[in-house]
2 protein chains.
Amino acid sequence: MTDDRWVAPAVLLAVDLVILTLRRSRLHVLLVERGVEPYRGASALPGGFLRHPEEDLTAAAHRELSEEANLDAETLRLEQLGVYGEPGRDPRGRVVSVAYLAIAPRLPEPTAGTDAADARWQPVDRVLSGELELAFDHRRIVADGVERARVTLEHSAIATAFCGPIFTITELQEVYEAVWGIPLDPRNFYRKVQKTDGFIVPVGSARKAATGRPARLFKAGPRAVLYPPMVRPAESSSTEEQ
Amino acid sequence: MTDDRWVAPAVLLAVDLVILTLRRSRLHVLLVERGVEPYRGASALPGGFLRHPEEDLTAAAHRELSEEANLDAETLRLEQLGVYGEPGRDPRGRVVSVAYLAIAPRLPEPTAGTDAADARWQPVDRVLSGELELAFDHRRIVADGVERARVTLEHSAIATAFCGPIFTITELQEVYEAVWGIPLDPRNFYRKVQKTDGFIVPVGSARKAATGRPARLFKAGPRAVLYPPMVRPAESSSTEEQ
DNA sequence: CTAATAGTGTCTCTCAGACAGTATTCT
DNA sequence: AGAATACTGTCTGAGAGACACTATTAG
């Protein structure tokens, strides 16, 4: 930035949150029902305007998280997803929104917070397919968030954040299958995860299902970045043009 | 976003550009000398405030590109890098800046544009090492831009954008070496690039250096996303904690 | 026993990395 | 010829994917 000879126009700044979790082996996103115009009654991502002129963006994201979804903001790591600032995306005027992505362990049904009329988990499929319509350009933001989560799963140990503090390898596999949307071979997954240094560490053992051999339990290991990465199988993509 | 019961504070929105190119086999970033306070006389990324309240962010980025650096904005693909919005990053008040990344072919020395007192290419090493100090938090933005470029080089055919419209495989290799900051084996690089489907396509032949066998010439292929990706060799990383 | 899930061993194919060797130009 | 750069062939080791096989539980 170099120059402010002239009066620069001010804009309204908002934060939006894409909070993903796993429920019944399907990827879900947290949505609220808008209590005010515009799009009153429609589903939307939790979020809102900056409260004070000096509020930090990340702080605002955490604040909205606890206000709108009653989720313990401290335990969730928020990652900046992008800026959505097209003129006309908000009928109230020029609103530029910074989107954040969070990946959450299995959480209880959120009780509606102070701000939102309602907050609940919805399967991302329903949103991406357009079956469930969202306010503003929030469907696009969800799509970007899911794609980001897919890539992040490859290179970071964030998948363990989808599980509880203790989990089986099969549960971890279900995370990858749900987010990537493809089935994986349990045997190869088992080997791969085990030999990825620092990804998971064993703790004890428990019997799970009514049948079958009990699975060993693990917790997240010390490594945040995975090397080698978990590789997502090639998409059956036709030639992509640039 | 859900609620605007109260007056939301407005902020000033700026765009900053990280424009990378290759000169003499080294990665360079375009910097301008600030003509106004604050940080008058210091080096900074090209960029500036939104001009009208309804200006699109990408449009503003393109505008600044041509105004401040006299670069043909249309030919450069801009990629959103992130938002930098810490309170206090700009002494004039609350300024939130959206950073864009562009990767440019070898370009002529830019003539100073209308806005900037001066614009010139500087090696990124000098910036990242701190030898050359930048205004605001621009050093951080450059660092993020370089890291993004490194990752992007792995998965996309953007490396060809560093070269001219026609190039040799050795020239392409120099791009990877400069951006990644490591040497690569020419023989293996040759094979790898050749068999990555749709990455580059041959055209003719030319003699280059004063000595040696002439190199075949290529142009960018139809593929924008590379599969399999070009893999960057493992860093000699110690254990990273989360 | 069977059914069901957890976990192991092993084969094959591909690919990255190392590097010897060949091709084509210059002086 | 010799030097320099472009390009090819081949070996090796690591890892992904496929899948037969063993282990441990419930009923």
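Chain A is the first sequence line, chain B the second, and so forth, proteins listed ahead of strands; every chain is numbered from 1.
Between B:Q173 atom CD and D:dC7 atom C1' there is a gap of 12 Å when expressed in whole angstrom units. Atom CD of A:Q194 is separated from atom P of D:dG15 by 15 Å (rounded to the nearest Å). With rounding to whole Å, A:F189 atom CZ is found 14 Å from C:dT8 atom P. One can place OH of A:Y190 at 17 Å from P of C:dT10, the figure rounded to the nearest angstrom. Between A:R187 atom CZ and D:dC21 atom P the separation is 12 Å, expressed in whole Å. Rounded to whole Å, the distance from CD on A:E171 to C1' on C:dT5 is 13 Å. Distance, B:K195 NZ to D:dC7 P: 17 Å, rounded to whole Å. Summarising the geometry, the separation between CG on B:D185 and P on D:dG9 is reported as 16 Å, rounded to the nearest angstrom.
Between B:V142 and the choices B:L134, B:L101, B:L20, the side-chain contact (heavy atoms from CB on, under 4.5 Å) rule is met once, by B:L134. For the salt bridge (Lys or Arg N to Asp or Glu O under 4.0 Å) test with A:E154, the passing option among A:K192, A:R232, A:R148 is A:R232; the others fail.
Within 4.0 Å of B:K192, counting heavy atoms only, lie sugar-phosphate atoms of the nucleic acid but no base atom. A:T170 comes within contact range of the sugar-phosphate backbone alone, with a heavy-atom separation under 4.0 Å but no base atom that close.
Nearest nucleotide to the side chain of B:T211, out of C:dT24, D:dA3, C:dA20: D:dA3. Among the nucleotides D:dA6, C:dC19, D:dG17, the one closest to the side chain of B:N188 is C:dC19. The side chain of A:R216 sits closest to C:dT8 out of C:dT8, D:dA6, C:dT25.
Between A:Y176 and A:W180, the ring-plane angle classifies as perpendicular under the 30° and 60° cut-offs.
When each of B:P186 and A:P229 is assigned the nucleotide of DNA chain D bearing its nearest heavy atom, the one mapping closer to the 5' terminus is B:P186. Sequence order on DNA chain C of the closest nucleotides to A:R191 and A:F218 puts A:F218 first from the 5' end.
Checked against the 6.0 Å centroid threshold, B:F218 and B:F167 do not count as a close aromatic pair.
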I'd like to know whether B:D144 forms a side-chain hydrogen bond (donor to acceptor under 3.5 Å, both in side chains) with B:Y84, so could you lay out the CA-CA distance, the side-chain angles of the two residues, the decisive distance to 0.1 Å, and finally the verdict.
CA-CA 11 Å; B:D144 290 351; B:Y84 297 82; 2.5 Å; yes
